[in-house]
Amino acid sequence: MQRTLTVLNVAEKNSIAKQVSAALSNNSATRGNSCSNFNPVFCFPYNLNGTPCEMLFTSVAGHLMELDFPENFKKWHSCSALELYTAPVVKKVPQDKKAIERNLTEQARKCQWLILWLDCDREGENIAFEVIDVCLKANPWLVVKRAKFSALVRRELERSVQNLVLPDENASKAVDARQEIDLRIGASFTRFQTLLLQDKFNWEEHGIQNEKPVLSYGPCQFPTLGLIVQRQWEIRAHVAEPFWYIYAMYRAPEGQSCVLHWQRDRLYDHTIATILYETCVDAPMATVTKVDARQKLRFPPLPLATLSLQKEAITHLRLPGERMMKLAEELYQEGFISYPRTETDVFDPAYDLKALVREHLNDPRWGAHAQCIDSGEMWATPRGGGHDDHAHPPIHPTRWSAPDANQGWHPDKRRLYEFIVRSFLASCSKPAVGFETQVEFAIAAESFRTTGLMVRERNWMEVFPWARWGGNDNLPPFDLNQTFMPTELLLKEGMTQPPSKLSERDLISAMERHGIGTDATTADHIQKQLDRGYALKDAAQLFYPTTLGEALVASYHKMGLSNLWQPTLRATIELNITEVAGGRRAKQEVLEEAVQHFRGDFIAAHERSAVMMEEVGQFFNRRAGGGPGDAAGELPPGDPMGTCASCGLNLMLCKPAEGTPFVACSGAPLCRQRVYLPRATVAADISDQPCNACHNRAVRKVSLRLRRAAIPPGYDADIVVCVLCDQRFKDLCDACGTARPPGQRHNHGPPGGGGRRAPAGARGRGPAGRGGRLRGGTRRGRGQGRERSARGGAGVDGRGGQPNRGQRRRRESDDDEEEHSRGRGRGRTAPRGRGGGQGPGGGAPNCPRHSQPCLVMTSNSAANPGRTFFKCAHPTEAQDCLHFMWEDEWNGQPLGNARGGRSGSRGGEGNRGRGQRDAGRQPPAGRGHAGGRLVNAATGLPLEGGGGTCFKCGQPGHWANACPNR
DNA sequence: GCAAGGTC
C-alpha cells in the first residue's frame with residue numbers, strides 16, 4: 001500500500017493560502033490548529049503526481065525575518081557611524097512574528113515535504129528562504145519544493161503543483177544584498193546627519209515642531225525628496241520670456257463658434273510676430289483649406305493596479321496615496337475588493353468577469369449599466385496594460401455593497417469603493433464613440449486649425465462620471481474653400497511660465513519611472529517626506545520642500561555628493577542586485593562593491609561635515625549652546641599621524657593657536673577619539689618613527705618637548721612616544737595631568753591611561769553658546785552680501801537645476817540692481833532695487849504677516865506703466881505671499897489686514913498665478929471685429945483702408961514696431 | 001531614535 005505523504009504548503013499571506021486550498025480541494029478543506037491567529041492551517045487530501053498526500057496549507061505575513069545590527073551596534077553612541085559599514089548584521093524573526101514561526105515549526109515537524117507558494121517575485125523568493133530556514137531547523141529531512149503560479153485559478157494552480165521546481169536562490173540573494181545595502185547606508189547616514197545637525201540649529205524657526213528632529217536618510221526617501229527639491233530649483237531658475245501669437249476667433253451667424261489656433265503656436269520675436277500679424281490684418285479673410293471628419297473611439301480605463309489606482313484616486317477623489325491604501329486595505333479585509341497591492345493591469349482570460357458584474361445588477365447607482373453589460377449590449381473584453389505580477393488579478397470589486405449597507409463607512413471609503421466598482425464596470429464596457437472634425441484655414445499666408453468633437457455614444461463614460469472627453473461640440477459647419485471674416489484677429493502676448501510644483505500623481509509617476517520604491521511602498525515614501533518635515537503640500541495638494549528638506553539636499557550637493565539624493569540612486573542599486581538575481585555576479589562581490597562605494601561617500605560626507613554645517617546655516621540660525629566647536633571644520637589645523645581605530649578616518653595632531661596641541665580624529669564630532677598631551681608639553685611634532693605596536697594603523701610617534709621643571713625626576717625633557725600605546729606617555733599624563741584646550745570640560749587622556757573618559761552625554765561638548773551665535777550672525781551677513789546672483793540662471797552657479805539657496809535673503813537684499821535692470825529690459829515687471837527701509841520716506845512698509853520689508857517694484861504693465869508698488873517677498877510659503885499695494889495708495893501706515901488694507905492681490909502683475917499660466921495678455925488696443933468690419937478693440941475705430949493701427953498705443957496711422965509712444 | 005520590503 002502506498003504511503004501517504006504529509007506536505008506543508010506555505011503562502012505569503014492567508015488569503016492566498018485560503019484560495020489555493022479551496023481551489024485544490026474543491027472547497028472541502030478543513031481548518032486545523034495553528035499557533036498564529038491570523039494564519040490558520042487548511043487541511044485536505046490531494047493526489048500529487050500519483051502520490052496520495054495530506055496537504056497542510058498555512059501562511060506567513062510577508063517577510064518572516066528582519067535584518068538588523070546586533071544589540072551592541074544598535075545604540076547610536078555604541079559605535080561610530082562608519083563602523084556600520086563593517087559591523088555584522090543578523091537576520092532574525094522579530095517578536096511580532098514569533099507566533100508565525102512557532103506555527104511553521106510545529107507544522108514542519110509533521111511533514112515530509114515543504115511546498116513554497118510565495119508570491120512569484122524576488123521578495124517572494126527571499127521570504128521562501130526565510131520559511132525554509134525556520135522549517136529546516138525544525139525538520140532537517142524536509143524535501144523543499146517551489147510552486148510557481150501565474151493566476152489563482154484551479155487549472156493554473158493544478159498545473160503549478162504538478163510541476164514543482166526549486167526555489168530561486170539567486171533571486172533571494174539579490175534581496176539579501178538589497179536589504180544589507182539599505183540597512184547600512186540608511187542607518188549610517190541617518191546617524192551622521194542627525195548627530196551632526198540635530199542640536200545645532202533653531203529648527204522651530206521654519207516650522208519643524210520637534211526640537212531635536214531625527215533627520216533620517218534612506219535610499220528611497222532621499223531620491224524622493226530630491227525630486228521635490230529639484231523641481232523647486234527648476235521653478236526658481238525659470239526666467240520668464242515673453243512670446244506673441246496670432247489669435248483668431250470666429251462666431252457664425254447661427255451662434256456656433258471656434259478659436260482658430262495658429263499653426264506656428266507662438267513666436268519669441270516680437271518684430272516677426274508683428275509683421276506676420278500685420279500681413280493677416282491686411283488680408284484678413286479666412287479660407288477653409290481642409291476639412292477632415294472621422295469617427296473616433298475613446299477607450300475605457302485599463303484594469304486597476306496599485307499605482308494607477310493611487311494616481312486616479314488622487315486626481316478624481318483627492319485622496320492621498322497613503323490614505324487610499326489604508327482604505328483599500330480595509331475594503332480588502334472585509335472582502336469587498338481584491339488584493340490592493342498588485343502590479344497586474346490585465347485580467348486573466350479565464351476570469352469570470354460577468355459573474356463579478358452580476359453582483360451589481362440591483363444597485364440603484366450603477367445597476368442599470370451592469371445589466372447592459374450582463375446582457376451583452378454594453379460588454380467588451382477589458383483591455384490589458386501589459387503588466388502582470390503573476391500573483392494577483394487587477395484590483396476589482398469582489399462583492400456588492402448595497403448603498404444602505406455601508407452607511408457606517410467613512411465617506412472616503414464609500415467613495416473609493418464606488419470608484420473601484422465604476423472603474424471595473426467601465427473597463428468591461430464598450431469604448432465611447434465620437435465624431436471628430438479637423439478644419440484648417442489660411443489667413444493671408446498663415447495657417448490655422450481648429451477641432452470639433454461630437455460624442456455620439458458615451459458607453460463606458462455613462463458609468464464613469466469622472467471621464468472627460470473635451471472638445472468643441474459647437475463647431476460651425478465649414479466647407480472646403482469657404483471664406484469668412486474672423487470675428488476677432490489679435491496679436492496676443494504671453495509669458496512662459498515655470499514648471500508647476502509636483503502633484504502626488506506627478507511624484508508617483510516620477511518614482512515609478514526611476515524605480516524608487518515598489519507599488520506597495522511608494523505611498524509610504526511620499527508620506528515620509530511629510531512626516532519627517534522634509535516636504536509639505538500646499539492648498540492645491542502640490543508638493544514643495546520645506547526649508548529643512550531643501551537644506552539637506554543642498555548640503556549634499558555642496559559636498560559634491562549629489563548622487564546621494566538624485567533619482568538615479570535607487571536604480572543604480574537595483575541594477576547591481578539584478579546581476580545577482582540573474583546569476584551573473586556573486587552576491588558577496590556586488591555587496592562588497594556597493595558597501596565600499598557608499599562607505600567612500602560616507603567618509604567624504606564625514607570629512608566635509610563642516611560644509612554641511614555651513615550650508616544648513618544658510619537656511620537656519622544656529623542654536624545658542626548648540627555644541628560649538630564640534631564640527632569637523634572647527635578642529636584647529638593639524639597633520640595626519642595615523643588611522644583612527646574607532647572610525648577609520650585620520651588621527652590628527654592638532655595645533656590650536658593658543659594652548660597645548662592635542663590629538664583628535666578628523667571625524668569629529670561624530671568620532672570622539674581624542675588624546676590630550678601632558679600639561680608640561682612645550683612643543684609637539686609628528687616624528688618619522690612608526691609605532692610598531694600600532695603598525696596596522698600606520699601611527700607615527702610624536703616627539704614631545706617638555707618643561708623640565710614640570711616633569712617628575714627620571715623623565716627626559718625630549719621624548720618620542722606613541723600617544724596611543726606608550727606606557728611612559730600614560731605615566732607622564734598621570735603624573736603631570738593633561739592639557740585641554742579652552743572649553744573642553746573633560747580630559748579624555750590616552751586610551752587606557754591617565755586621562756578619564758568622559759560620560760557619553762557630556763563628551764565633546766564645549767561651553768554653551770561659544771561660537772554658535774557668532775557664527776550664525778556672520779553667516780547671515782555673508783549670505784546677503786555674497787548672493788548677488790539673480791533669480792533664474794544666474795542664481796544657480798551657472799548650471800541649471802542647482803540650488804538657488806538663500807533666496808529669501810537675496811530677495812530681501814538691496815543689491816539686486818543688475819537683476820532688476822535686466823528685468824526691465826525684458827519688459828517685465830521688475831523690482832526697483834530699494835526696499836528694506838521703513839516708513840513713508842524710507843522705502844516700503846513691512847508685510848503685516850511676515851514682518852519683513854516689502855520689495856519696491858515698478859510696474860511695466862500696459863495698464864500701469866512705471867507705477868510703483870510694494871509686494872511681500874516671502875518665498876517659503878506654499879504660494880508666495882500675496883501682500884501687494886500701490887505706492888501712491890499707501891498712507892505711510894503699516895499694512896493692516898490679510899490683504900494689506902487697500903492693497904490687493906498681485907495676480908494681475910508680474911508673477912501671475914498658475915491659473916493664468918500662458919494666458920495671453922491682450923494689448924491695450926487690439927483689433928476686433930464688429931458687424932463684419934475690423935475695428936480697433938479699444939477705440940472702436942474702423943481698420944479698413946490699411947495704414948495700420950498700433951497695438952501698443954492703440955493709435956491709428958503707424959504700426960507697433962514704429963510706435964512713437966512706446 | 002536609523003533603511004526598505006513584505007504584510008497586517
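In what follows, chains carry the letters A, B, and so on, assigned in the order in which the sequence lines appear, proteins first and then strands, with residues in each chain numbered from 1.
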- Determine the interplanar angle of the Y417(A) and W409(A) rings, folded into 0 to 90°, and report it as parallel if under 30°, tilted if 30 to 60°, perpendicular if over 60°.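 Answer is perpendicular, since the angle exceeds 60°.
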Determine the contact category for [X]: base if any of its heavy atoms lies under 4.0 Å from a base atom, sugar-phosphate if only primed atoms, P, OP1 or OP2 are that close, otherwise nothing.
X       : answer
D96(A)  : nothing
L67(A)  : base
G517(A) : sugar-phosphate
Q179(A) : base
R122(A) : nothing
R184(A) : nothing
D519(A) : nothing
K326(A) : nothing
Y217(A) : sugar-phosphate
T194(A) : base
E180(A) : nothing

- Item | Those residues that, when tested against E101(A), pass salt bridge (charged side-chain N to carboxylate O under 4.0 Å, His left out) (two or more places apart) |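 Counting only residues at least two positions away or on another chain, E101(A) forms a salt bridge (charged side-chain N to carboxylate O under 4.0 Å, His left out) with K98(A).
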- Query: Sequence neighbours excluded, which residues qualify as salt bridge (charged side-chain N to carboxylate O under 4.0 Å, His left out) partners of K13(A)?
  - Reply: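 If we apply the salt bridge (charged side-chain N to carboxylate O under 4.0 Å, His left out) test to K13(A), skipping adjacent residues, the hits are D119(A).
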- Boundaries of the chain A footprint along DNA chain B (any atom under 4.0 Å from a heavy atom):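 Range of nucleotides within reach of chain A: dG1(B) to dC8(B).
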- S36(A) side chain to A99(A) main-chain N or O, any donor-acceptor pair under 3.5 Å?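 Not confirmed, S36(A) side chain does not pair with A99(A) backbone.
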- 5' precedence on DNA chain B between Y339(A) and K75(A) (nearest-nucleotide basis):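 Residue closer to the 5' terminus by nearest nucleotide: K75(A).
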- Item | R178(A) vs F73(A), nearer the 5' end of DNA chain B by closest nucleotide |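 The residue closer to the strand's 5' end, by nearest nucleotide, is F73(A).
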- Query: Got a sec, which residues hit side chain to side chain contact (heavy atoms under 4.5 Å, CB included) with E123(A), two or more places apart in sequence or on another chain?
  - Reply: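 With sequence neighbours excluded, E123(A) shows a side chain to side chain contact (heavy atoms under 4.5 Å, CB included) to H63(A), D121(A), V175(A), R178(A), given in chain and number order.
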- Task: For the pair E579(A) and K587(A), find out whether any cationic side-chain nitrogen is under 4.0 Å from an anionic carboxylate oxygen.
- Result: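 Salt bridge between E579(A) and K587(A), a charged N being under 4.0 Å from a carboxylate O: no.
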- Contiguous pairing runs of three or more, Watson-Crick or G-U under 3.5 Å, that involve DNA chain B: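 DNA chain B forms no stems at all.
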- Neighbour count >12 (heavy atoms, 6.0 Å) for atom NZ, K326(A):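 Open.
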- Task: Kindly check if the number of other-residue, nucleotide or ligand heavy atoms within 6.0 Å of CG (N33(A)) is above 12?
- Result: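 No, not enclosed.
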- Item | Of all pairs that satisfy salt bridge (Lys or Arg N to Asp or Glu O under 4.0 Å), the ones with a partner from residues 509-520 of chain A, not counting sequence neighbours |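 Passing the test, one end in residues 509-520 of chain A: K311(A)-E512(A).
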